[in-house]
Amino acid sequence: MCQVTSNPYSDPRAIMLSEDAFAAGSLRRESYARPGKLFTADQGLIVRQVGTLNDEALKRIVEAVVGSLKNF
């Protein structure tokens, strides 16, 4: 999983997620995916799904995560 927060924390790799980044649902505020902050989580910890990213936003995040791993 990739951290999503309402604050970019001066992270130059943070990817803004506005309402138009979602194919369905939303986070109700401008948020940021931080591809350098990856973690694992058990599926049982997920309470609900609030939205689905559109293909373009998901592609940008995946490319940023892969780029971060290549530079690791």
Side-chain angles (χ1 to χ4, degrees):
M1 300 184 100
C2 175
Q3 182 187 51
V4 176
T5 179
S6 61
N7 187 336
Y9 295 103
S10 300
D11 183 348
R13 296 176 293 176
I15 298 169
M16 186 174 69
L17 300 174
S18 57
E19 285 191 34
D20 64 341
F22 290 84
S26 75
L27 293 174
R28 298 189 200 158
R29 67 175 50 167
E30 190 172 273
S31 299
Y32 299 86
R34 299 185 65 208
K37 295 286 186 174
L38 303 176
F39 61 96
T40 59
D42 186 271
Q43 187 174 2
L45 295 174
I46 300 171
V47 176
R48 63 189 163 104
Q49 180 176 328
V50 297
T52 303
L53 293 172
N54 63 36
D55 291 340
E56 180 184 333
L58 182 59
K59 181 179 176 183
R60 288 177 48 217
I61 293 170
V62 169
E63 287 175 350
V65 168
V66 171
S68 293
L69 294 173
K70 284 183 177 180
N71 293 324
F72 186 66

Check: Which heavy-atom pair separates A57 from A21 by the least distance, and what is that distance?
Finding: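 Scanning both residues completely, I find the closest heavy atoms to be CB-O, 3.6 Å.
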
Checklist line | With sequence neighbours excluded, residues passing salt bridge (charged side-chain N to carboxylate O under 4.0 Å, His left out) with R60 | finding: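 Partners of R60 under the salt bridge (charged side-chain N to carboxylate O under 4.0 Å, His left out) test: none.
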
Notebook entry, point to check: Does the pair F22 and L53 meet the rule for a side chain to side chain contact (heavy atoms under 4.5 Å, CB included), with working shown?
Noted result: CA-CA 4 Å; F22 290 84; L53 293 172; 3.8 Å; yes

Check: After noting the C-alpha distance and the side-chain angles of D55 and K59, does the key distance pass the side chain to side chain contact (heavy atoms under 4.5 Å, CB included) rule?
Finding: CA-CA 6 Å; D55 291 340; K59 181 179 176 183; over 6 Å; no

Notebook entry, point to check: Can V50 be reached from I15 by stepping across I, L, V, M, F, W or Y side chains whose heavy atoms are under 4.5 Å apart?
Noted result: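 Same cluster: I15 reaches V50 through Ile, Leu, Val, Met, Phe, Trp or Tyr contacts under 4.5 Å.
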
Checklist line | Same cluster (ILVMFWY, side-chain, under 4.5 Å), I46 and F39 | finding: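 Linked within one cluster.
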
Beyond-backbone contact of [X] with [Y], side-chain heavy atoms, under 4.5 angstrom:
{"X": "Q3", "Y": "D11", "answer": "no"}
{"X": "I61", "Y": "L17", "answer": "yes"}
{"X": "S68", "Y": "R13", "answer": "yes"}

Item checked: side chain to side chain contact (heavy atoms under 4.5 Å, CB included) evaluation trace for T5 with R34 -> CA-CA 8 Å; T5 179; R34 299 185 65 208; 3.7 Å; yes

Next item on the list: Measure the OG1-CE distance between T40 and M1 for me, rounded to the nearest 0.5 Å.
Entry: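 Reported to 0.5 Å precision, the distance equals 9.5 Å.
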
Note to self: Quiz question: by atom type and distance under 3.5 Å, do the side chains of D20 and S18 form a donor-acceptor pair?
What the structure shows: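 S18 and D20 do have a side-chain donor-acceptor pair below 3.5 Å.
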
